[in-house]
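Heads up: the structure comes next, in structure tokens.
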Number of protein chains: 2
Amino acid sequence: MRGSGRPTMNDVAAAAGVSLKTVSRVINAEPNVDPALADRVREAIDRLGYHRNALAASLRSGTNDTIGFLAADLSNSFSMGIAAAVSAVASQRGLHVLMASSEEDPAVERRLALDLCQRRVGGLILVPAATDHGYLAPEVAHGTPVVFLDRPGDGIPADTVLLDNRGGARAAVAELLGGHERIGLLLDATEIYTMRERLAGAEEAFAAAGRALDPSLLVTGIHTPQDAAAATARLLDGPRPPTALFCGNNRATVGALEELTRRDADVAVTGFDDFELSWMLPRPLRVVAYDVAALGALAATTLLDRIAGDAAAPPALHLVPTTLVDRGGRQRTPTG
Amino acid sequence: MRGSGRPTMNDVAAAAGVSLKTVSRVINAEPNVDPALADRVREAIDRLGYHRNALAASLRSGTNDTIGFLAADLSNSFSMGIAAAVSAVASQRGLHVLMASSEEDPAVERRLALDLCQRRVGGLILVPAATDHGYLAPEVAHGTPVVFLDRPGDGIPADTVLLDNRGGARAAVAELLGGHERIGLLLDATEIYTMRERLAGAEEAFAAAGRALDPSLLVTGIHTPQDAAAATARLLDGPRPPTALFCGNNRATVGALEELTRRDADVAVTGFDDFELSWMLPRPLRVVAYDVAALGALAATTLLDRIAGDAAAPPALHLVPTTLVDRGGRQRTPTG
DNA sequence: ATGAAAGCGCTAACAT
DNA sequence: ATGTTAGCGCTTTCAT
């Protein structure tokens with residue numbers, strides 16, 4: 001798109017009969033301007049409908065007041081909660097946010113990330129879709145810090161903000177191990193970092209209890225609630241039907257609950273991720289919950305601190321804690 | 001934040017031993033460059049870790065490849081679905097999106113909208129928090145088109161994309177009128193545009209059926225599920241307990257369902273807005289559903305068409321249709 | 001207190 | 001096929 005004939009500072013200066021610099025002083029509220037001149041300038045500004053070109057200003061001054069947020073998939077509620085928090089923190093500090101979504105495609109991530117850098121974002125919050133981020137090395141070297149969010153990145157020094165996936169899963173499974181002999185596990189593909197961590201946490205819980213995870217009760221590659229419902233049915237109809245299920249994400253939890261409710265089966269369920277209206281569900285369940293907004297806000301403040309501070313300081317790893325929360329079973333109000 | 005010493009085109013030109021313009025030609029893939037020189041340039045680019053400054057380029061060329069999206073409240077799932085759709089459309093056309101949230105505050109909206117215009121967005125999608133948008137008149141006059149989304153704006157010529165609030169409510173209430181004598185209405189504050197429209201639609205349905213809405217069964221100002229639950233309890237305990245409820249938004253629906261389930265009351269429920277997992281709820285309900293992504297995509301394409309097309313053409317009003325969908329009652333899978 | 005000149009990094013318009 | 005010059009709209013620097 002082409003720019004149109006907007007008035008410039010020069011136009012305002014001509015209209016007010018003052019120099020360019022005087023207009024600049026008025027716009028930027030610099031001291032030492034004759035009030036009479038300032039009024040004339042303001043009148044001209046209003047009359048012409050002038051406002052300054054922030055891009056030109058930042059080109060000349062070298063300042064930069066935008067950050068980039070590149071989600072893996074903006075359309076899920078997790079990314080959205082994060083985006084809202086990032087936007088809130090940025091807005092509070094007078095910064096703007098360029099948002100984009102890689103759609104979980106490493107090539108798209110790369111293109112968009114470099115695009116954002118070309119637009120001179122002061123820093124980048126990235127939910128990795130790619131596994132190698134070496135392509136960002138020149139950017140980081142030239143002073144555009146990156147913060148990895150939710151999943152670790154690789155190939156560049158960068159602060160990282162992660163959920164305590166392992167600890168959350170460990171606590172959840174440990175709790176189930178207290179009352180159950182046979183525990184089924186429903187996870188998405190273990191190629192996914194968070195799933196590997198959650199499985200590792202579950203294994204830690206088994207090990208700590210001196211027990212072994214039954215491989216026949218472990219189902220991976222569950223993408224949709226339908227997958228989870230089918231897997232649940234299969235486990236229940238199998239030779240060693242579980243009396244408890246640990247679900248690796250909210251889609252798995254929803255699908256498992258659906259099948260269990262259909263059968264009216266007495267199986268305890270604990271799922272990673274809370275979800276909207278989980279407290280409204282008819283049957284009780286536990287969820288590994290966490291504060292999505294806090295996660296986004298932490299990523300944003302980490303980035304802004306890095307921008308303001310020492311670029312060379314060693315990267316930090318922040319783990320956001322999880323809590324085990326009772327849901328469903330018709331509670332009065334949402335909590336946690 | 002200050003810019004750091006990134007290499008410029010000049011640096012690349014010096015390093016490759018060519019002129020500035022040759023570097024520009026290579027970067028922009030213009031024809032008529034000696035392959036040998038081009039290789040030298042590319043080598044220098046890699047060695048220096050150069051990339052072009054897109055802001056400087058667009059300042060000079062007058063092009064502009066970003067649009068602004070100003071939500072009223074980025075943190076709700078409605079805004080988020082819209083944001084994702086806007087981002088997808090923009091990305092597909094090679095544009096970037098600056099996102100911000102007014103937090104339903106007219107003053108914040110004004111500040112952020114003007115901020116975005118100063119950053120020379122090519123256009124603005126706005127979910128109005130303010131009622132008067134005259135402050136944007138100079139921007140629109142100078143060629144920055146605005147699209148109002150979800151709520152109408154005022155004071156400037158601008159395309160508008162709305163839900164068919166009135167038609168959706170009318171259809172929902174007409175359906176309830178077919179089988180019910182006493183219908184309760186649970187709405188948020190009627191200061192809110194969408195609530196006024198939905199109430200008007202309900203009234204139209206009553207009028208079309210030759211019946212009158214019972215004012216004692218109309219509750220407004222319902223903000224939270226708790227408000228809705230309390231209002232439901234009050235109506236059921238009143239002299240004319242309704243046998244059906246029409247809820248003006250998903251918060252009202254959730255609260256009403258909570259109270260009805262607690263009492264195990266046989267009351268039909270239809271609510272405006274679908275919500276996550278509505279299909280999982282134990283008791284049947286109907287919802288006035290719509291395609292959030294379509295709403296966002298329509299706003300984005302409307303804006304882009306306006307940017308590409310005739311700025312002076314009369315503003316268009318787009319109504320996005322709604323559908324009445326059965327939910328709850330333990331269906332197999334999500335539909336609609 | 002005010003202004004003139006230079007220049008941020010790039011592209012456009014014109015040479016050669 | 002390559003280079004030179006000017007200038008986008010602003011801030012900076014240095015005069016006055």
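Below, read A as the first sequence line, B as the second, and so on, with proteins coming before strands; counting in each chain starts at 1.
- Side-chain atoms of A/Arg6 and base atoms of D/dG9 include no donor and acceptor less than 3.5 Å apart.
- Between A/Ser61 and C/dC8, a side-chain N or O to OP1/OP2 separation shorter than 4.0 Å is absent.
- Within 4.0 Å of A/Asp34, counting heavy atoms only, lie sugar-phosphate atoms of the nucleic acid but no base atom.
- Between A/Thr8 and D/dG9 there is no side-chain polar atom (N or O) within less than 4.0 angstrom of OP1 or OP2.
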Should B/Thr144 and A/Arg6 be marked as a side-chain hydrogen bond (donor to acceptor under 3.5 Å, both in side chains) after you check the CA-CA gap, both sets of side-chain angles, and the distance that decides it?
CA-CA 10 Å; B/Thr144 303; A/Arg6 280 183 183 275; 2.4 Å; yes
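- Within 4.0 Å (heavy atoms only), A/Arg25 reaches at least one base atom of the nucleic acid.
- Look at CD on B/Glu30: it is 14 Å from P on C/dC10, rounded to the nearest Å.
- For B/Ser24 and C/dC10, the shortest distance from a side-chain N or O to OP1 or OP2 is not below 4.0 Å.
- Within 6.0 Å of atom CZ in A/Arg110, 12 or fewer heavy atoms from other residues, nucleotides or ligands are found, so the atom counts as exposed in its surroundings.
- In this structure, A/Arg151 pairs ionically with A/Glu104, as a charged nitrogen and a carboxylate oxygen lie closer than 4.0 Å.
- Of the candidates D/dT2, C/dC8, D/dC10, D/dC10 carries the atom nearest the A/Ala56 side chain, counting heavy atoms from C-beta on.
- Heavy atoms of other residues, nucleotides or ligands lying less than 6.0 angstrom from CZ of B/Arg40 number more than 12.
- At the heavy-atom level, B/Leu55 lies nowhere under 4.0 Å from the strands shown.
- In this structure, A/Thr22 reaches the C/dG3 phosphate: one of its side-chain N or O atoms is under 4.0 Å from OP1 or OP2.
- Distance B/Leu20 CG to C/dA12 P: 13 Å, rounded to the nearest Å.
- Nucleic acid contact class of B/Asn53 (heavy atoms, under 4.0 Å, all strands): sugar-phosphate only.
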Quick one, B/Val146 with B/Glu139, criterion side chain to side chain contact (heavy atoms under 4.5 Å, CB included). Give me CA distance, side-chain angles, the key distance, then yes/no.
CA-CA 9 Å; B/Val146 171; B/Glu139 312 306 326; over 6 Å; no
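- Counting to the nearest Å, the P atom of D/dC8 and the CG atom of A/Leu59 are 13 Å from each other.
- At whole-Å resolution of the value, CZ in A/Arg40 and P in C/dA1 are 16 Å apart.
- Applying the 4.0 Å criterion to OP1 and OP2 of C/dT2, one finds that A/Ser19 has every side-chain N and O outside that range.
- Nearest-nucleotide positions on DNA chain D place B/Pro35 closer to the 5' end than the other of A/Lys21 and B/Pro35.
- Going from atom CG of B/Asp11 over to atom C1' of C/dG9 covers 10 Å, rounded to whole Å.
- Using a 4.0 Å cut-off, some side-chain N or O of A/Asn28 falls inside it from OP1 or OP2 of D/dT11.
- Between the CZ atom of B/Arg60 and the C1' atom of D/dT5 there is a distance of 11 Å, rounded to whole Å.
- Using a 4.5 Å heavy-atom threshold, the side chains of B/His318 and B/Thr160 count as separate.
- Between A/Ile27 atom CD1 and D/dT11 atom P the separation is 8 Å, expressed in whole Å.
- Atom-to-atom, NE2 of A/His51 to P of D/dG9 comes out at 12 Å; the value is rounded to the nearest Å.
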